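Report on one structure; see the data block that follows.
Just so you know, these numbers come straight off a predicted model, no measurement behind them. In what follows, every chain begins at residue 1, and chains take the letters A, B, ... in the order their sequences are listed.
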Amino acid sequence: MKEAVIAYDNVDICYDGRTVVRQATFSLQPGEILGIVGESGSGKSTLLQSAMNLLGPGGAVTQGHIWFQGQDILALSDEGMQRLCGAQMAMVFQDAAASLCPVRTIGSQICEAAAAHLDMGKEEVRRQTLELFARLGFSDGRRVWESYPFELSGGMNQRAALVLVMLLKPALLLADEPTSALDVCAQKQVLDELLYLRDQYGTAIMLVTHDMGVVSRVADYVLVVKDGQIIEYGPAKDVLASPAQAYTKELLAAVPKLRRDRR
Amino acid sequence: MTVLELQEVTKVFSGRKGAQVRALDRVSFCIEEGESVGLIGSSGSGKSTVANAVCRFIDVTSGRILLRGCDITEARGKALRQVYKEVQMVFQSPRSSFDPRRTLGDGVGECLKNGGVGKAERRERVRALLERCGLPAAAADWYPHEVSGGQCQRAAIARALAAQPRLLVCDEATSALDVMAQRQILELLLELKAEGRLQLLFITHNLAVAQQCCDRLIVMDKGRIVEEGRMDDVVCRPQSEYTRRLIEAVLY
Amino acid sequence: GTEEANHSAAGKTFVMGDTTFNPENNEPDINPHNDNSGWACIRYGVGETLFRYSDTMEIEPWLAESYEPVDDVTWRIVLRRNVTFTSGRPVDAQAVKECLEHLVAVHKRAAGDLHIASMEADGQVLTIRTTVPVPALPNYLSDPYGCIIDMQAGITSDGMVTATGPYKAVSLVSGDHVDLVKNDAYWNGEPKLDSITIRTISDGDTLTMALQSGEIDAAYGMPYASYPLFQNDEYTISSAATSRTFFVWMNFDSPLMQEEAVRKAISMAIDKQGFVDALLHGNGYPAAGPFPGTFAFGGDAAKAEPYDLEGARRVLDDAGWKDEDGDSVREKDGRRLALRWLTYPSRQELPLLAESAQATLKQIGVAVDIQCTADHNRVKKDRSAWDVYASAMVTAPSGDPQYFFTYCCLDGSDSNTGRYHSDALEELARKMEGTFDPDERGALAAQMAQTILDDHAYVFCSHLKMSMIARKGVVGLAAHPCDFYEITADLDKT
Amino acid sequence: MTMYVIKRLLQLIPILLGITFLSFAMMHIAGSDAVVQKYDRAGIAVAAEVVAAERAQLGLDRPFLTQYIVWLGNLLHGNMGVSFMTGRDVFATFMDKLPATLLLTASSVLVTIAVSVPLGIAAAVRRNSPVDYVIRFFSFCGNSMPNFFLALVLLYLFAVQIPLFSVLSSGEGLEHLALPTATLAIAMSAKYLRQVRAAVLEEMGKDYVLGAKSRGIPFSWTLRCSILRASFGTILTLLALSIGSLLGGTAIVESIFMWDGVGKLAVDAIHGRDYPMIQAYVVWMAFIYVVVNLLTDIVYRIADPQIGWKEGRRR
Amino acid sequence: MISEALVSRKAPKQRLVLFSLCAAALLCVAAFGAHLCPYDPYAQQYDAVLQAPSWDHWLGTDRYGRDMLSRILAGAQLSIFSALALVAMIAFIGTGIGLLCGYYSGKADALCMRLADVCLAFPSLIFAMAIAAVLNGGIHNAVVALGAVSWPKYARLVRSRTLALKEQKFILAAQMAGSLPRQILIRHILPNCLGTIVVTAALDIGTMMMELAALSFLGLGAKPPAAEWGSMMSTGRSMLQTYPWVVLSPGAAIFLSVAILNLWGDALRDYIDPKERGR
Ligand SMILES: Nc1ncnc2c1ncn2[C@@H]1O[C@H](COP(=O)(O)OP(=O)(O)OP(=O)(O)O)[C@@H](O)[C@H]1O
Ligand SMILES: Nc1ncnc2c1ncn2[C@@H]1O[C@H](COP(=O)(O)OP(=O)(O)OP(=O)(O)O)[C@@H](O)[C@H]1O
Ligand SMILES: [Mg+2]
Ligand SMILES: [Mg+2]
């Protein structure tokens with residue numbers, strides 16, 4: 001078996017002494033896509049953030065280890081972390097617009113990220129970005145490149161943030177609801193891009209989403225979280241087809257379906 | 001009676017270097033009493049801009065917006081506060097819509113406070129509202145940066161409902177919620193709607209969700225309305241090419 | 001190395017720091033016809049007056065050889081023969097006449113002092129006719145504005161003039177410095193230095209440090225607190241008592257001050273010696289009357305009340321001022337014995353005097369409320385706003401005693417701030433106006449001083465000591481009681 | 001933007017009118033005029049006629065409004081009058097001394113920025129660490145020391161004890177600039193660095209900082225390109241404000257270091273009630289303020305793309 | 001890691017408590033300092049002038065022979081409270097104007113800001129003199145005079161923050177909740193500017209002490225024999241080399257107050273930020 005890209009080993013996470021994630025254990029091989037579902041506030045974002053040491057002043061991993069390609073992330077120095085972040089693992093935030101600097105254009109932030117990790121000329125970065133923009137359904141990529149985050153719509157910001165990390169071709173992509181603000185067409189394009197990234201570069205992806213459609217379409221494995229506890233974990237097909245837990249069943253049942261017939 | 005009417009509303013943003021973005025291009029539609037309207041369209045098509053214009057967060061370049069027959073295109077000050085007694089909005093990005101230095105409870109209770117509701121009663125009502133939106137009552141004491149995206153969104157919905165609006169503008173109000181929460185909120189909205197008090201302008205990407213709570217559907221593309229009609233008509237027999245593509249792309 | 005070369009190229013140079021040579025002091029340049037700039041002109045050895053003061057403040061000829069009053073309004077002045085301006089023009093009566101004509105045309109104060117009606121020049125003899133009798137004309141002509149300058153050579157736009165002193169100005173930046181070089185043709189001995197720079201140093205502490213670091217050779221205007229740094233073998237301090245006097249005016253419009261006992265008690269309760277020793281660090285002399293001991297008519301010629309707190313208490317007790325309510329302030333007929341003491345901060349010694357007096361007066365049961373404001377002139381005019389006014393004034397700027405009484409104490413005086421009136425004093429003043437003999441004038445002055453002291457109308461606290469501090473090796477720099485003369489042909493540096 | 005600048009520059013006119021009138025009026029309220037003040041300082045009494053004659057010469061006997069209007073009329077002809085104290089042309093004198101003050105101000109501002117921005121940032125980044133406490137300690141020191149004290153201590157240490165510099169400046173030369181600049185810059189940095197610290201801290205709490213971290217952008221880059229840029233507005237506003245107090249505060253430093261500039265000129269003029277000179281100073285200060293504030297506003301708008309050129313939205 | 005997390009969350013509160021205690025102690029000294037004096041702070045003694053610090057006089061004596069320590073204690077009230085009052089006044093007025101101008105930007109804003117320019121550019125010395133002439137001396141009027149020219153700093157600062165804040169979503173939300181502008185300003189914008197204001201105000205205290213001292217030269221400040229720290233420092237300035245304690249003692253007193261009040265301000269700033277404080 002290949003070495004796991006990321007492995008959570010019995011991880012507990014606290015905010016101010018309140019444990020919000022308990023005994024999380026799972027791992028991900030290169031090229032695998034893990035869908036994480038669960039009710040809001042159950043600790044999904046927290047799980048992702050802990051992998052990048054981004055829990056903020058009040059949060060901390062109080063137990064267990066997180067291994068990234070064999071390194072213990074929690075023991076890494078700041079510089080070590082900084083080298084990993086972006087290049088090796090990258091994250092798209094749930095609130096993508098807020099994760100972009102409000103006083104800089106999208107283009108300059110992309111260039112910055114590229115300069116930090118890639119050995120690529122500015123022109124080349126721009127070319128590749130515009131290409132990616134086009135593939136993600138932007139009609140006018142050049143305008144996006146020159147825009148400030150507040151000048152873009154929610155979905156545009158989300159895709160811009162996605163492009164930002166896809167450009168870096170990380171080994172692990174942590175995507176926190178990357179398609180929640182997108183219309184279905186754009187959503188489809190984004191998912192195609194994610195799959196392309198996985199196929200082309202062997203990127204492993206942790207994908208938090210509420211959209212069961214997305215899970216069934218791209219995920220290899222599914223993780224169901226409830227109140228910080230992993231209650232179900234297995235191959236996507238199995239879990240979706242025959243959920244073991246009542247909660248999962250409820251979750252699946254609650255998914256709204258488009259009625260295409262006329263009443 | 002018409003609750004909301006947009007007449008030929010156009011919005012042009014002038015960018016920094018003189019570039020102009022026509023975010024809305026002669027958009028006209030109306031929402032009748034007792035009716036809820038869904039608004040879909042690709043991202044960047046101007047949905048949020050419609051919502052912002054209706055709530056007077058931005059000035060439109062031309063056109064008129066009427067609320068119950070009153071022209072609110074240029075409402076300000078007192079008139080605007082009157083408008084907000086009827087219209088409320090749930091923002092697309094919930095976290096930044098809460099004051100970072102105040103608790104969620106303060107945010108939710110603000111309009112009650114302005115309405116002169118006493119402290120104890122306000123507390124009770126805030127808790128009730130939060131619970132109704134699927135949050136624990138304790139959430140009233142949490143700060144925005146301490147809650148998850150979904151929790152924040154629910155608080156935002158609770159805040160909007162606190163004002164007991166006639167028209168609720170939801171800008172992707174449920175897209176950050178898990179499916180069960182989503183259903184819970186939708187049921188709540190449907191309930192309020194059934195009481196006959198609430199009209200919705202529901203912006204979403206999720207056609208299925210829109211189908212559940214809206215009577216009519218408007219499809220937008222590049223700042224224009226490309227299709228408008230009864231929900232089922234549009235879903236089952238899309239007229240425009242764009243709508244057809246949208247419906248086909250639905251995964252589930 | 002190079003420094004030495006510089007030195008020999010420039011010859012013997014001397015740098016003096018002075019706090020007063022600046023526009024703020026109305027001494028923007030060295031043109032005697034401009035405001036107070038004459039002080040700079042005369043102090044720095046550029047210009048000279050017709051007469052000068054001796055060390056005992058008596059008039060002696062300088063550029064003039066002799067003078068005599070012809071009648072009440074006519075003066076005959078004979079000029080020295082061998083004197084030339086640095087422009088080369090000989091100093092004759094015509095040149096002096098031109099200079100004085102220009103002076104009275106542009107300098108209002110000079111015009112007001114001199115009352116010149118006409119002048120006649122005849123070779124070296126200048127005859128001046130005045131509109132009214134001016135017994136002190138030679139004194140006024142010794143005022144710095146009386147520096148004789150060559151009006152043909154004119155006044156440069158920088159404010160430099162051509163005169164007769166041991167040094168001549170070569171460059172001047174107002175408020176910054178003036179550069180002087182030796183006048184090779186000086187009539188009264190050979191100047192010993194080749195060049196002199198006068199640096200304006202407005203700040204006393206900077207002056208201190210400049211002297212400490214050796215950047216200046218001598219300093220004028222050193223803060224008192226710095227004296228201990230220079231009271232050693234490395235430096236020499238030369239001082240002289242001047243007629244700049246710190247004194248107190250009683251306000252006779254104030255009901256409180258109309259009471260003799262109160263005035264007397266105040267004059268007995270100011271610790272002059274303590275003020276001079278502790279607060280001025282010895283840079284002054286306790287005063288009795290308006291004039292310092294350097295004047296023939298000054299010093300002990302008048303007797304003031306001694307410092308005597310016990311006596312002062314008795315005076316107040318006798319007058320019925322008692323502290324009845326135990327707040328350690330006396331009262332009488334329901335009025336508290338609280339003085340409003342007006343003074344101003346631009347003379348740094350005045351606030352010290354005020355605080356010192358406040359403390360001693362407190363001991364005899366008199367409260368003092370100090371109003372120390374830059375705006376005292378306006379407050380002063382409102383005679384209901386103050387009881388006591390402390391000021392610093394030059395009591396005999398021209399070396400003549402009449403000035404002080406004329407301006408400060410008589411009914412017609414413009415500056416009789418306290419509205420003091422005394423019939424005896426008026427009488428004496430009339431007598432002095434008609435007296436030309438200096439000795440007689442001095443005797444009259446002593447009487448007048450005694451009169452105002454007996455009336456307790458003024459309390460003279462201290463005369464200021466003017467000092468210059470020089471580095472070891474500087475010779476010929478001596479403080480003069482009239483504060484006009486600093487740099488002379490004798491100045492040298494070894 | 002051009003419109004904006006033109007509009008703001010036009011606003012200068014009423015400001016100048018207002019401020020010169022105000023200062024004229026205030027000086028009159030404050031009582032005593034140049035003549036009285038002069039004799040007062042000299043400590044000699046003169047005849048009332050002499051005073052009257054001198055006042056007439058300066059035009060001080062005319063009614064206050066007339067004096068102001070005459071002054072204004074002269075100004076329109078490009079004539080700022082002659083100084084009451086020196087009899088020299090005010091404009092020439094002022095322009096003569098201006099470069100010295102400008103040089104001093106500019107060098108102090110530069111040094112202040114060079115010192116306080118890095119230190120302020122360091123204190124913010126390492127907040128509540130020993131580094132932060134040391135930096136803040138010095139800032140408190142600088143803050144509780146009056147200018148004159150600092151100036152004297154510097155002079156004593158570096159000119160008297162260790163003669164690195166000379167006590168008296170003889171005009172140009174960088175070494176003469178060193179101590180006065182240090183005095184002003186230390187005092188200013190002490191305040192400024194704390195404000196930089198606060199502004200940077202404010203920004204560091206924002207979400208996008210986490211975002212940048214997640215992208216593996218070195219913190220120094222985020223700091224430079226994002227945080228500083230975002231807090232630029234506040235930092236700049238503060239700087240602009242302190243330039244004003246700096247210009248006003250040079251007087252004491254100028255007189256201690258014998259720096260022949262307008263600060264001392266102005267204070268002397270105020271003490272001597274030298275109206276024409278005061279007016280020149282007031283005009284200059286107003287001009288500087290308007291220009292500095294205009295520049296800040298422009299830069300502020302450039303730095304923060306969310307604030308447009310229209311004066312903001314009204315509600 | 002755990003302990004670190006706990007420390008960083010709890011610390012703001014602890015720091016606030018600590019520095020609040022310090023500040024309270026300072027204010028106590030200010031209020032009751034006059035009763036703690038070992039000597040009569042006003043008793044002049046010419047036989048003991050300018051004595052160096054010793055067991056008898058811990059901080060030496062001044063040129064009138066008064067005990068420095070006693071004077072510093074006695075002067076604390078005047079020095080601290082007048083500076084505090086002044087700073088409170090300008091911070092209050094400036095913040096108010098800044099908030100209004102920033103929020104309502106328009107003609108009135110432009111007018112106010114130009115007025116602020118005038119006040120900033122206006123030589124405060126002239127203003128102080130005029131105040132002295134009209135209202136007469138006294139430290140109250142000095143406070144008024146300084147206040148009248150110092151508010152624009154806060155106004156400008158707060159205005160620029162307000163301009164940025166009012167574009168934020170949560171302000172829009174507050175408007176929707178029907179809050180009146182004044183409520184929005186007080187509930188939302190002000191708390192979000194407070195950090196900057198507190199820091200600036202704490203800083204200004206030292207500055208204002210010195211400014212008040214400078215005005216005493218015009219007869220506007222504290223009246224003798226009151227022991228105001230700033231004036232003590234400036235009147236003693238030329239004794240720096242010869243009798244340093246005369247200058248250094250009030251200097252140290254000012255430093256101490258400035259440091260305490262600043263640390264307190266910082267702690268307060270941290271505490272009012274919920275992101276720092278924790279639940
Ligand atoms: N402040 C602004 N300045 C300039 N352009 C803007 C601004 N706000 C929005 N736009 C532009 O207007 C267009 C419409 O934006 P809008 O936010 O209404 O889209 P949307 O339909 O809500 O998209 P999404 O579903 O992604 O939220 C976009 O092209 C966007 O870039
Ligand atoms: N900074 C914080 N301080 C304290 N509690 C926090 C903080 N961030 C999150 N929490 C709490 O941790 C729990 C998990 O939050 P998290 O953001 O991981 O949820 P989530 O699963 O991502 O939910 P959603 O789907 O709504 O985004 C929530 O109950 C939230 O209130
Ligand atoms: Mg989340
Ligand atoms: Mg949107």
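Sorted by first then second residue, the side chain to side chain donor-acceptor pair (under 3.5 Å) pairs that include residues 89-102 of chain E, not counting sequence neighbours, number zero.
Looking at Phe98(B), the atoms closer than 4.5 Å to chain E (heavy atoms on both sides) all sit in the backbone: N, CA, C or O. Neither the backbone nor the side chain of Arg95(B) has a heavy atom closer than 4.5 Å to any heavy atom of chain E. For Leu194(E), no part lies near chain B; criterion is any non-hydrogen pair under 4.5 Å. Interface remark: Pro100(B) contributes backbone and side-chain atoms alike to the contact with chain E (heavy atom separation under 4.5 Å).
The two atoms that bring Met176(E) and Val87(B) nearest to each other are CE-O, 3.8 Å, heavy atoms only. The minimum heavy-atom distance linking Gln175(E) with Tyr84(B) is given by the pair O-CD1, 3.1 Å.
Phe170(E) is linked by a ring pair (Phe, Tyr, Trp, His ring centres under 6.0 Å) to nothing, counting only residues two or more places apart in sequence or in another chain. Considering only residues two or more places apart in sequence or on other chains, Arg81(B) meets the salt bridge (charged side-chain N to carboxylate O under 4.0 Å, His left out) condition with none of them.
Other residues, nucleotides and ligands place no more than 12 heavy atoms under 6.0 Å from the CZ atom of Arg123(B). Within a 6.0 Å radius of CD in Glu131(B), other residues, nucleotides and ligands contribute more than 12 heavy atoms. No more than 12 heavy atoms of other residues, nucleotides or ligands sit less than 6.0 Å from atom CZ of Phe92(E).
Taken to the nearest 0.5 Å, the CD1 atom of Ile272(E) stands 5.5 Å off from the CZ atom of Arg101(B). Within the model, atoms CG of Leu180(E) and NZ of Lys78(B) stand 10.0 Å from one another, a figure rounded to the nearest 0.5 Å.
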Working for side-chain contact (heavy atoms from CB on, under 4.5 Å), residues Phe57(B) and Glu167(E): CA-CA 10 Å; Phe57(B) 295 151; Glu167(E) 301 297 325; over 6 Å; no
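Residues of residues 102-121 of chain B lying under 4.5 angstrom from chain E, judged on non-hydrogen atoms, are Arg102(B), Glu110(B), Cys111(B), Lys113(B), Asn114(B) in numerical order.
At a threshold of 4.5 Å between non-hydrogen side-chain atoms, the residues Gln168(E) and Ser96(B) do not count as touching.
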